[in-house]
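Below, each value reflects all heavy atoms present in this structure, side chains not excepted, and no hydrogens, waters or symmetry copies. Counting starts at 1 for both ligands and their atoms, following the listed order. The shown structure was predicted, so the numbers you read here are calculated from the model rather than taken from an experiment.
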Amino acid sequence: MTMSNNIVLGENQYGKAEVRVVKVTRDTDRHHIEDLNVTSQLRGDFQAAHLEGDNGHVVATDTQKNTVYAFAREGIGSPESFLLRLADHFTGGFDWVTGGRWEAEAYSWDRIQAHGEGHDHSFVRNGQEVRTAVVVRDGATTHVISGLKDLTVLKTTQSGFVGYPRDKYTTLPETTDRILATDVSARWRYNTNLDVAGTDFNKSYDDIKALLLEGFTENYSHALQQTLFDMGKKVLEAHSEVAEIKFSMPNKHHFLVDLSPFGLDNPNEVFFAADRPYGLIEATVQRENIDAAPVAWSGIAGFC
Ligand SMILES: O=c1[nH]c(=O)c2[nH]c(=O)[nH]c2[nH]1
């Protein structure tokens, strides 16, 4: 067998990776949410694009992304059925697209249990948070700091952001109805006179987590800053053994997708979930006249 010196194109596929689409169904006051990370890749005859610079067959990755958002307008259903719709669309619409690979990760959300009931429009990503604990001893004084991180929550309404100063660099439109989403990181420091032997830290953790979640749901949010304070206040009001609570919370922006180029409306239903940049909101909620913590209890790696 003689070896050919011809250089040819081997297997190939291309598309848009990780299209973050969030679909809110708001037919009634009890909202539903579907949250996917979709990758669309086409396979077929793309020889000319690779060898000759002829893009006549190249369905733009931008078009593939738009198709994901436009299809989400009609609902997602299941990730499988959504991907099958994409596969049908691309292989049916373009002769030279003979196949492809469509992948989705689906993130599931539970309704926040507020006062014993699943909330209408506030959700928590299930099974995600990490519980944290720190003990600092300084001579005879012991500090116990408990916390959690990566508690991802989202509300589909009852959040807005208006009234902020505008200068020549301000482009953000005001809104009175937006998605509010964050990964809660919180650490709460117990009083130094805490009866550590008599404290049920597991129970305390469960209760404080529930209060944080309820605090997230309860009021209209004028900003994540206000919601942060609401959450901390609930914990301090219910737990006299807690001296202060620190938060670090990203504002995970969800941008409404403009579907008008595709002849579709978008009444606050299809969103692009951006991962960066994000707002970062950090604050301590504390009792007035609190003794300054005699030791630094935040790690060196950050606020919370
Ligand atoms: O809740 C918010 N707080 C902000 O400080 C802020 N800044 C911004 O651009 N959007 C928001 N949202």
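Counting heavy atoms under 4.0 Å from ligand 1, residue Arg178 touches it through the side chain alone. For Asn251, every heavy-atom contact with ligand 1 shorter than 4.0 Å involves the side chain, none the backbone.
Checked by distance only, ligand 1 and Ala223 stay at 3.5 Å or farther apart across all their nitrogen or oxygen atoms. For ligand 1, the polar-atom distance check against His253 finds no nitrogen or oxygen pair separated by under 3.5 Å.
Comparing heavy-atom distances from atom 7 (N) of ligand 1 across Phe161, Tyr164, Tyr278 singles out Phe161 as nearest.
Judged by a 6.0 Å distance limit and a 45° cone about the ring axis, Arg131 is positioned over the six-membered ring of Tyr205. For the pair Lys23 and Phe271, the cation-pi test (distance below 6.0 Å, angle within 45°) is failed.
A salt bridge does not link Arg20 with Asp275: none of the charged nitrogens is closer than 4.0 Å to a carboxylate oxygen.
Counting heavy atoms of neighbouring residues, nucleotides and ligands inside a 6.0 Å radius, atom NZ of Lys149 does not exceed 12 of them.
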(message) Run the ring-ring contact (aromatic ring centres under 6.0 Å, His included) test on Tyr190 and Phe201 for me, step by step, so that the C-alpha distance in whole Å, both residues' side-chain angles and the decisive distance to 0.1 Å come before the verdict.
(response) CA-CA 11 Å; Tyr190 291 94; Phe201 288 105; 5.4 Å; yes
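Looking only at protein heavy atoms, the nearest one to atom 5 (O) of ligand 1 is Gln225 NE2, 2.9 Å. Protein heavy atom in closest approach to atom 9 (O) of ligand 1: Leu172 CD2, 3.4 Å.
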